[in-house]
Amino acid sequence: MKKELKTSFEAGSFENFLYKFWLDERYFTPEINSKKKSFSIVIPPPNVTGKLHMGHALVNTLQDIIIRYKRMKGFNVLWLPGTDHAGIATQMVVERELKKEGKTKYDLGRENFLKIMGDWKEKYKDNIKNQLQMLGCSCDWTRERFTLDEGLSYAVRYAFVKLYKENLIYQDFYIVNWCPRCRTALSDLEVVHKEVKGKLYHILYPFKEREGGLVVATTRPETMLGDSAVAVNPKDERYKNFIGEKVILPLLKKEIPIIADENVDLEFGTGALKVTPAHDPVDFIIGKKHNLPYYLIFDEKGVINKEGGPYEGFDRFEGRRKVLEDLKKEGLLIKIEDHLHKVGHCQRCETMIEPYFSKQWFLKMEDMAKEAIKVVKSGEIKLIPSFWEKTYLEWLENIHDWCISRQLWWGHRIPAFYCTCGNIIVEMEDPKICPKCGSENLKQDEDVLDTWFSSALWPFSTMGWPEETEDLKVFFPTSLLITGFDILFFWVARMVMMSLKFTGKVPFYEVYLNGLVRDAEGEKMSKTRGNVIEPEEVCKLYGPDAVRFTLSALTSYGRDIPLSHERMEGYRNFMNKLWNASRFVLSNIEEPLPLQVDKEIPHQYILSKLQKTIKNVEDGFSLYRFDILTNEIYHFVWNEFCDWYIEISKYYLKKEKTESVKSILFFILKNILKLLHPIIPFITEEIWQKMEISKSITIEDYPEFDENLLNEGAEKVFEKFKVLISKIRAYRKSLNLGKNVRLNLFIKGERVEELKNLIEFMENVEVEVTEKEKIIEGIKDKYEDWEWLLKVQKDFLSENFLNTIKKEIEKLLCEKERIEKRLKDENFIKKAKNEVISIQKERLKEVEEKIAFFNENLKVYGE
RNA sequence: GGGAGGUUAGCUCAGAGGAAGAGCACUUGCCUUACAAGCAAGGGGUCACAGGUUCAAGUCCUGUACCUCCCACCA
């Protein structure tokens, strides 16, 4: 053909150019008035914090594979991209940067800090876009969104106001998870529990009116400064008599009551629990029930405040040391035990969480959760793999109200305005005056919303909700969500709830939850381990196609993905293989050719195999088995097309009439490229354009299974041919007979005549198709009904070769015995399916014949 | 304390009732005019363990051990 491919495949030389070409042609932007069926995915918006990691590469590759597949399948496809402002995560990164300059956000003030955040965002948003484009992601960039955009912010406000007016959003004093470093409240999900080797301190609280006292056990002695009672279980015989009496709280010397509460575990510690309602979740509940006072002893940084009396100004950990020291002095520290327990840590900065009593905004979850349960139970939303459904349902069934306020600056500011008269105004517009008292002295709530609040609206807010937009009509609900299982609760479940609440529809019909990318040994990638693989780096090394192919090939159901350079190298080699196969085909073809079907076996075989591949790939797609569909094509391309058909085509290309073989080569290549395009878009487009069939493969039809091209018969005969060829090669090798030595082959079997010339061409043998048995010196062997004899002179036979045959006989004898035993078993004959029995009988025959052949071989060549 | 997933070749993983599979690694030959990032031929497995169901069990059931991960207010 006119355009030639370079002699070796070089990734990196054409990708950027092709991506620009796709953008210029607007292939990724769907038509809004299309008659085609819609297929839509919204991207899990990456955080604007920084670089994409391998997990992003995976989730976006998988999405792109599906998106490109559906596009080729004739759907009107939308893949909507965007980024997330990622409240705490992003703010933390910027704060860290500031710290390098010795500054804090408080030095800058809210306004200046947000300006810096804005600049930061601009920089990284493009970064992320560029990296997604580097991977070939076919997102519709004309629809790119960011969670803090005007439109999305409007949606957030709309949702907040509506929920507030329905009394689903409320403000309350509650014990929340507090990060003293981030100085904000966190939701339960943002707390990671880690096992910590701690101590259990036994402290004596003396009775007020008796000798002795109660010994309480605690892991956090410093919180005793905020104690307002000691609780015992009402059933506890040890303490029954003391209930209602008082003890003296050590150090602060306050009188606190002894109360009875069922929440106290008799078995744990001493069975007596110090109650600190402001700093422990259980104590909080107990405190509420018994109307105990709340002593908040820490400030927002975790430093002891004036409630702590002499301990004021100590950080919580210093405070602990000091308290213990003083208790020891007073002889009240009875015992210290080692104690293994789980302690909450901030998901983002790993600081130890402080349960903290404070006023926060909450979203009532129970009713919304019920709806979200229904749609999964009914199957309207399908989770893949399905075992996630149980996890999802259990979480929703035990849901707690969601703390949605964060004491941060980077995010959607809570649209609640406080008037000096005590009125709270929550409306779509910022109020100028208080509707109640007319005051102009209004102050907006300082807090922002949890990042996941805006994420929860993402599938529809990105399409213009609450306006009734065309996009919503055409593309919502979305078809599929692909995301990591780690955000099943954070994001997936909340989207379902919010979507049902606000649109009355599910946000998506299917959710594919991918595994985690790990290193070759299955270890989590981490900087400290030094095993991090960066998408950018490997795209440069192996090309984005090879990276995508690797990720896809390794993605089976729910499993983690063990990524390694070796794997990527292997699949990079596949790219090279494909490249060179294409080079071979194109170098033999002058112009695009329509398929001319040839009836000869090899052509029938490859066309038939292609159809099977198409079918299997289709099945792989319908099951979201990326590994299956990827390996299916890999195998077809390498082990069928390259290893056999291309080699065979060299024979046909030497003959006179070559049109049909050329057309078949062209046809197969064309289909291979189409099959592969969703996985490896760049290289397939590059080759496609050289084939001069059409402008772009991106919008070509995906191959459809064509029953007319199936030919089981040809496949079977070809299989025998393959075995024969392999055997001849094996004989040559073990006999040390080079390919330059022409051998004589006597053979009989079904349709072998048709392949005679091809066998001669491939293996340098003289083939005689014969029905008669010829007793001559030679190696006899068979496969199914093909029986053959390769004439080899006695001198060539080595001890080694004869031993191989002997071993082979031994193996066959074992098998023979096994089958015979089975066939003699009355129960087997009675109960097994006829089909199974006949297979066994056939196999026995085959084995027996082979044994006979090998014995003859031994006899002929025997000593 | 609940729950989920896993244990198959040296490594990483497919296979889910009827002769143990792939990629990489390994051995041995080959620069055979698409490709040495390649070609060809090989070696390699009590399918974690113990019971059970079945004519037949990596495959189904029960239990055990070990690994991974979620969830939970154990001071």
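In what follows, every heavy atom counts, from backbone to side chain, and hydrogens, waters and symmetry copies are set aside. Since the structure is predicted, the reported quantities are computational estimates derived from the model, not experimental observations. Letters go in sequence order (proteins before strands), and every chain restarts at 1.
Below 30°, between 30° and 60°, or above 60°: for A:Y634 and A:Y571 the angle between ring planes is above 60°, a perpendicular geometry.
When the side-chain nitrogen and oxygen atoms of A:R625 are compared with OP1 and OP2 of B:G15, one or more of them lie within a distance under 4.0 Å. The side chain of A:N576 contributes no N or O atom lying less than 4.0 Å from OP1 or OP2 of B:G38. When the side-chain nitrogen and oxygen atoms of A:R559 are compared with OP1 and OP2 of B:A14, one or more of them lie within a distance under 4.0 Å. At B:A34, none of the side-chain N or O atoms of A:W638 fall inside 4.0 Å of OP1 or OP2 (strictly under the cut-off). Within the structure, a side-chain polar atom (N or O) of A:S556 is placed less than 4.0 Å from OP1 or OP2 of B:A14. The side chain of A:H565 contributes no N or O atom lying less than 4.0 Å from OP1 or OP2 of B:C24.
Nucleic acid contact class of A:D825 (heavy atoms, under 4.0 Å, all strands): sugar-phosphate only. Using a 4.0 Å heavy-atom distance criterion, A:V216 is classed as making no nucleic acid contact. The residue A:K577 sits close to a base: some heavy atom pair falls under 4.0 Å.
Distance CD1 (A:I646) to P (B:C39): 11 Å, rounded to an integer number of Å. Following rounding to the nearest Å, A:F574 (CZ) and B:A34 (P) show an atom-to-atom distance of 19 Å.
As rounded to the nearest Å, B:C11 and B:A4 have C1' atoms that lie 26 Å from one another.
Below the 3.5 angstrom threshold, one finds no donor paired with an acceptor across the side chain of A:E632 and the base of B:A22.
Looking only at side-chain heavy atoms (C-beta outward), A:Y542 and A:R567 stay at 4.5 Å or farther from each other.
Both distances falling under 3.5 Å, in either a Watson-Crick or a G-U wobble arrangement, place B:G42 opposite B:C26. With a cut-off of 3.5 Å on both pairing distances, B:C35 has no Watson-Crick or G-U wobble partner at all.
Proximity note for A:S726 (side chain, C-beta onward) versus B:A75, B:C35, B:A41: the nearest is B:A41.
Base orientation of B:U12: anti (glycosidic angle beyond 90° from 0).
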